[in-house]
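In each ligand, atom 1 is the first atom listed, and ligand 1 is the first ligand listed. Quick caveat: nothing in here was measured; it's all calculated off a predicted structure.
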Amino acid sequence: MPPSVTSFTHAIARRPGDSVIHGLRVVDRGAPDLASLRREHAGYVDTLTRVGVTVEMLEPLESYPDSMFVEDPALVFREAAILLRPGAPSRRGEGAALEPSLRTLFPEVLSLPGEGHADGGDVLLTPEAVYIGLSARTDAGGAAALVRLLGSLGRRVHVVTPPAGVLHLKTACSLVEDHTLLATRALAEAALFPDLDVVVVPEGEEPVANALRVNGAVLIADGFPKTAALLARRGYDVRLLALDQVMKLDAGLSCMSLRW
Ligand code: CIR
């Protein structure tokens, strides 16, 4: 049986540095408030711990404002970690900064070959397959290199094109079960995942599509009551997390950790 992709014992997270206020954002809704953002990050790590995950905390990296979003520069499986090459020029050194920690935690650390770019936020794992979304951050060259690398590890890989306007594939979707995807209506209608059931996020609550299923719980951003009620009705143990400041940086729950 393929391994579950919603059960984790370990994670890596990186504390936000002061420079996080200069993090990338597509629409500028003002810089995040540093103290509140740090509280949100601490609450996130605390929740992961409460649901049974041992979190390896990394120190802030001031030279990379977006480096608390550790999901983008790497991809991890129990048997290996892959250093990616983020698409945003300001994030290109984040993989090298993560490498020493990954080497202490994984039996093997591989690197994305070639010149292309790929962000971990564009990679969705299901038990049987890996989906890579093309985006402003993940280009055709990076996706092709990742397809070859994952293929050599025995993974089945699909490259998909999310609808325009999606920063990362997982900005618009996340797995709430091994075979059930929570997704925005636009992504659901694009029908990119024939082997998954799709739960559509209620209209107006699209930012909450980036939920995080961890062990028995589903973590979602606070402030999206229709989605919280929908998930609770479906029997999920829903945990609400304050995320207002993190969301000002176009980020969500999955991107603040690497999990395995
Ligand atoms: C960025 O634009 O790279 C950061 N401000 C946010 C990254 C969020 N990552 C993700 O959704 N996977």
K.L.:
Give me the residue, atom name and distance of the protein heavy atom closest to atom 11 (O) of ligand 1.
P.N.:
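Here the nearest protein heavy atom works out to His168 ND1, 3.3 Å.
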
K.L.:
For atom 4 (C) of ligand 1, find the nearest protein heavy atom and state the residue, atom name and distance (0.1 Å precision).
P.N.:
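Its nearest protein heavy-atom neighbour is Asp66 OD1, 3.2 Å.
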
K.L.:
Under 6.0 Å from the CZ atom of Arg50, do we count more than 12 heavy atoms belonging to anything else shown?
P.N.:
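12 or below, so no.
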
K.L.:
With Arg91 as reference, evaluate Asp66, Asp119, Asp72 under the side chain to side chain donor-acceptor pair (under 3.5 Å) test and give the passing residue.
P.N.:
Asp72

K.L.:
Does an N or O from Leu249, backbone or side chain, lie closer than 3.5 Å to an N or O of ligand 1?
P.N.:
yes

K.L.:
Do you see a donor-acceptor pair shorter than 3.5 Å between the side chains of Glu128 and His179?
P.N.:
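Result is yes, a qualifying pair exists.
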
K.L.:
Is the shortest distance from a heavy atom of Glu71 to ligand 1 less than 4.0 Å?
P.N.:
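Distance cut 4.0 Å: Glu71 passes for ligand 1.
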
K.L.:
Please list the nearest protein heavy atom to atom 2 (O) of ligand 1 with its residue and the distance rounded to 0.1 Å.
P.N.:
Arg137 NH2, 2.8 Å

K.L.:
What I want to know is whether Thr171 and ligand 1 share at least one N or O pair that is separated by under 3.5 angstrom.
P.N.:
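In fact, backbone or side chain, Thr171 has no N or O that close.
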
K.L.:
Using 30° and 60° as the class limits, which term best fits the ring planes of Phe106 and Trp260: parallel, tilted or perpendicular?
P.N.:
tilted

K.L.:
Got more than 12 heavy atoms from elsewhere within 6.0 Å of CZ, Arg185?
P.N.:
no

K.L.:
Taking heavy atoms and a distance under 4.0 Å, where does Asp72 meet ligand 1: side chain, backbone, both or neither?
P.N.:
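Looking at Asp72 and ligand 1, just side chain atoms fall under 4.0 Å.
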
K.L.:
Heavy-atom distances under 4.0 Å decide this one: backbone, side chain, both or neither, for Lys170 against ligand 1?
P.N.:
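It is neither part, as no heavy atom is under 4.0 Å.
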
K.L.:
Decide whether an N or O pair under 3.5 Å exists between Arg25 and ligand 1.
P.N.:
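No; the residue has no nitrogen or oxygen that sits under 3.5 Å from a nitrogen or oxygen of the ligand.
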
K.L.:
Taking 4.0 angstrom as the limit and counting only heavy atoms of Gly121, give me the atoms of ligand 1 inside it, by number and element.
P.N.:
12 (N)

K.L.:
Which pairs would a plain distance check flag for residues 108-116, meaning a side-chain donor or acceptor within less than 3.5 Å of a matching protein atom at least two apart in sequence or in another chain?
P.N.:
none

K.L.:
What I want to know is whether Leu24 and ligand 1 share at least one N or O pair that is separated by under 3.5 angstrom.
P.N.:
yes

K.L.:
Taking Val159 as the starting point, is it possible to reach Leu167 by hopping between hydrophobic residues whose side chains are less than 4.5 Å apart?
P.N.:
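No, it is not one cluster - the side chains of Leu167 and Val159 are not joined through contacts under 4.5 Å.
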
K.L.:
What do you reckon, is CZ of Arg29 surrounded by more than 12 foreign heavy atoms closer than 6.0 Å?
P.N.:
yes

